[in-house]
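Contents: one structure, followed by commentary.
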Amino acid sequence: MEFNIKPFHKKQDTLLGINLFFSLLNDSDLRELNETILSISKSGLARTKFVAVYDGKRAAYKIHFVPKLNEKIQVTEIHVRLESISIQRFQNYQKNLEKIRTQKEFKHIQATALLDSNLNLINFFNKNSLSFEKIIENKTGKTEFTNWVKLLFAGKGDAEIHLSAQLTGSTSLKISFSGFNTEKSMICLTIESEDYKDNNSNQVKGLQFNKNILNSIPADIVFWNMDHQYIFLNENAMKNADLRKWIIGKNDFEFFQYRNKPVEMALKRRETFNRVITSGEPAYLEEHFKTSNGDFHHLRILQPITDFEDHIEWVLGYSIDISSIKRIESRLLKMNLAVEEAMDGIAVLNEKSEYVYVNEAHVKMFGYTNPEDFLGNTWHMLYEKEEISRIENNIFPLIAKNGRWAGETKGKSKDGKTLYQEITLTSLPDGGLVCICRDKTEYRENKDRIQTAEIIADNINSIIMITDPNLKIQWVNNAFEHITGYTLNKVIGKHPGFLHGPETDKEVVKAFSKKLKQGNPCSAELLNYAKDGSKYWIQINVTPLYDENNKLKSFISVENDVTELKNAEINTRNALSKEKELNELKSQFVSIASHEIRTPLASIQSSSDLIQMFISSENVPKDKIKKHLEKISGQIFRLSSIMSNLLTIGKINLDKFSLNKNEVDIENFISKIINDFFGINADGRTIRFKATGTKRKSDIDQVLMSQVLTNLIGNALKYSKDKAEPEVLLEYLPENFKISIKDYGIGIPQDQIPYIYDSFFRARNVENIQGTGLGMVIVKKFVEMHKGNIEVNSIENEGTTFTITFPYT
Amino acid sequence: MQKRKILLVEDEITLRDTIEEILDFNDFDVKTASNGEIALAVLKDWKPDLILSDVMMPGISGFDLIRMVQGIEELKQIPFIFLSALVAKHEQKKGLDLGARAFLTKPFKTADLLKLIEKHL
């Protein structure tokens with residue numbers, strides 16, 4: 001049975017009620033146990049008691065009381081353990097100790113003797129510690145002692161006597177005896193010293209003969225009494241002689257307090273001590289402490305010394321300095337930890353090349369999960385045939401020669417992947433090998449990648465540029481020099497902005513720089529200038545690079561020369577816009593042509609309807625009908641001329657015109673056209689014609705030239721309504737002749753002059769004036785066919801002059 | 001009975017003369033204008049019962065003219081009919097949106113023109 005009880009603090013405290021067991025005890029036993037508990041509560045020392053109870057049958061118990069102490073050296077609770085023992089054993093114990101057990105102050109008993117009535121020593125328990133005979137030999141003492149003992153035998157009961165005694169080889173001592181009559185024939189004596197310390201040393205006197213031996217043993221040897229007080233220390237246990245003397249009779253708590261040492265160690269010692277005195281078995285305690293000489297580890301062994309059954313007299317403590325063992329152990333532990341936790345793979349192989357140890361890194365490096373996968377296997381498991389033969393034939397001889405080899409090997413992982421290792425192999429005295437390896441696969445792959453990247457960088461047509469975070473160039477590839485004409489040395493440290501020029505889009509640069517400042521990847525198309533001033537388009541992609549602290553490290557810029565693409569794009573865009581323009585012109589033409597055709601058609605329809613009305617009606621003069629028939633004929637002519645213009649353009653576009661020149665009097669030719677086509681005009685105006693210079697004949701195609709002149713003169717009239725009459729001037733020049741057609745009309749807007757020869761083009765100020773936008777196309781084409789030249793001079797709202805110049809032949 | 005008055009605005013002289021003659025023959029009191037400016041000048045002192053107008057004319061176009069007429073309180077009620085070579089639907093819609101009663105495309109039958117005039121007078 002085991003349980004805990006609270007420590008007792010008052011004399012009245014009792015075990016009764018704590019556990020049913022105690023109610024079985026008789027009063028005397030219970031009182032004694034109560035006192036024991038009270039004592040234990042103060043001293044913190046374990047105690048063992050024997051009791052017999054009657055519970056239907058007789059039973060005996062050995063009760064162990066083991067106190068628990070806190071760091072303030074206070075007992076917090078007491079562990080109680082009941083050990084059932086045989087009645088026989090209890091009786092033996094009782095027989096020998098019954099009387100001693102009843103002593104009030106057991107702890108001060110230094111010697112106990114049983115005497116018969118003749119003062120013959122029957123038994124002397126502390127025979128090693130005190131020579132009883134010596135006390136009795138003391139003369140004064142002997143008389144007094146003999147008288148006192150006689151009184152005891154006379155039945156006077158408890159009594160005490162204080163005597164001076166002289167111990168052999170020692171100073172005189174004052175000794176107290178207390179005794180009582182046990183049986184008629186026996187007396188039990190307790191001998192107690194007044195000066196306990198001295199008495200202790202006296203007690204130890206029995207050890208003195210061993211003192212020299214004990215001091216010469218290279219171990220700490222101490223003896224404690226049952227109160228855990230030092231009664232002996234050898235010189236090794238305590239070098240300082242004064243301290244060694246001081247400590248006698250004191251316990252560890254006092255000593256540790258005196259030396260200002262942590263109380264925990266004293267508590268550990270007390271715990272161990274209590275274990276020893278309750279179990280009767282030796283106990284071990286490892287202690288670690290620091291001194292100016294370094295760290296120390298001591299293994300303390302506490303050995304109970306008994307002088308009869310179950311009765312422990314002292315406890316012997318001896319200790320061994322295990323510091324060096326501890327140091328080795330600690331070093332081994334650290335080394336083991338270092339090896340186990342190493343980043344490098346570490347393996348140990350035996351003489352048969354089998355793994356006997358692999359650390360975690362080694363296991364993982366090769367894609368395994370368990371060290372067991374390696375143990376017992378040879379290193380061949382990690383290599384391909386070729387590599388195995390290289391290692392065995394080339395490397396092992398070197399290890400045999402030098403004891404060590406370092407280099408690179410090509411292994412394979414569990415799943416067959418190729419791995420590269422930087423490896424160190426060291427031979428062991430027993431024929432084994434230590435292998436330390438580091439995974440170089442990534443390094444190898446990176447190296448390959450970097451080499452590949454360098455080759456690519458220098459051979460691709462794109463510019464690759466590396467800049468610092470402030471965009472200062474750090475490196476450029478060959479393509480940069482090829483495209484810009486600047487060499488690497490010339491541009492290091494420069495901002496790439498030096499490549500910009502007047503046509504570089506500043507808005508794009510601004511937006512681009514802004515994005516870069518935010519550290520974002522970005523791309524743009526920019527026009528840059530090479531060293532020779534030539535322009536080139538680049539498509540730039542910039543990627544920012546960050547270091548492991550997420551700090552911007554550099555920018556990598558890949559720039560493609562897109563000049564051709566860009567030009568093509570511009571051309572396409574221009575072509576598209578031209579196409580669009582053309583389409584617009586065409587639809588404009590359709591609507592104009594429609595208007596031009598519909599208006600004469602409307603006229604014809606109206607005249608025709610009117611004639612119908614006239615016929616149905618009476619009294620309508622015939623000339624009215626005639627007038628409208630003429631009108632119809634005139635409108636039909638107008639329609640056919642529009643049609644012929646369209647046909648002409650069609651032919652021009654198909655290059656169907658050929659030049660049929662013959663000799664003509666150009667002056668007459670012009671006059672005839674003016675008369676035939678512009679003799680009488682709707683608004684009554686005429687064309688004024690004049691010729692200057694020496695008259696000459698010239699070779700022209702009359703059909704084409706007629707078209708040129710009717711168009712130009714027709715325009716001059718059309719666009720100068722209500723203004724002065726247009727003028728035509730023919731000039732005979734030495735090399736060529738020149739015809740100017742001048743009007744005082746609305747003119748052509750300055751910005752639209754370049755477009756007047758485009759098909760279907762009509763200036764913005766003529767949108768409400770009839771026209772097809774085809775006349776000038778025809779004019780220009782026919783002038784050119786004559787190897788002539790056409791010029792225009794026009795001011796809006798003032799008038800226009802067309803000048804055509806032809807060679808005579 | 002007083003003759004009903006029609007203003008004809010048309011820049012193309014041949015067509016203008018012919019339509020004028022048709023209207024005259026059909027007993028309308030007709031005045032003509034060869035462009036928008038002249039038409040506005042005529043309208044100053046003479047309020048017609050109907051206006052016939054071309055669209056594409058130099059200077060003030062037919063569309064400009066109707067906008068101006070619509071802006072003049074005493075003229076805005078006068079029925080306005082376009083005679084035009086513009087055949088595009090959006091142009092015709094534009095004319096009607098501006099307030100014209102009808103949009104007659106050239107060439108047109110005289111009978112259709114007269115019917116339209118009768119309808120809107």
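We use all heavy atoms of the structure for the numbers below, so side chains are in, but hydrogens, waters and symmetry mates are not.
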* **Option that, when pairs with chain B are counted at under 4.5 Å, heavy atom only, ranks first among A:Thr599, A:Ile604, A:Ile746, A:Val620** => A:Thr599
* **Contacting moiety of B:Leu114, where chain A heavy atoms sit under 4.5 Å** => side chain
Above 12 or not: heavy atoms from other molecules or residues under 6.0 Å from [atom1] of [X]?
X	atom1	result
A:Gln612	CD	no
A:Asp722	CG	no
A:Lys723	NZ	yes

Atom [atom1] of [X] and atom [atom2] of [Y]: how far apart are they, to the nearest 0.5 Å?
X	Y	atom1	atom2	result
A:Leu601	B:Thr105	CG	OG1	11.5 Å
B:Asp17	A:Leu610	CG	CG	11.0 Å
B:Thr14	A:Glu630	OG1	CD	12.0 Å
B:Lys109	A:Ser608	NZ	OG	8.5 Å

* Please report the C-alpha distance between A:Arg598 and B:Glu12 in whole Å, then the side-chain angles of each, then the deciding distance to 0.1 Å, and finally whether the salt bridge (charged side-chain N to carboxylate O under 4.0 Å, His left out) criterion is met. => CA-CA 12 Å; A:Arg598 279 170 187 277; B:Glu12 216 287 314; over 6 Å; no
* Would you check if A:Lys624 and B:Phe25 make a side-chain contact, meaning some heavy-atom pair closer than 4.5 Å? => no
* Asked: Among B:Lys106, B:Arg16, B:Glu10, who wins on heavy-atom pairs under 4.5 Å with chain A?
  -> B:Lys106
* Pick out which of A:Lys627, A:His628, A:Gln635 makes a side chain to side chain contact (heavy atoms under 4.5 Å, CB included) with B:Thr18. => A:His628
* **Side-chain donor-acceptor contact under 3.5 Å, B:Thr110 with A:Gln605** => no
* **B:Ile19 to A:Ser606 - nearest heavy-atom pair and separation** => CG1-OG, 4.2 Å
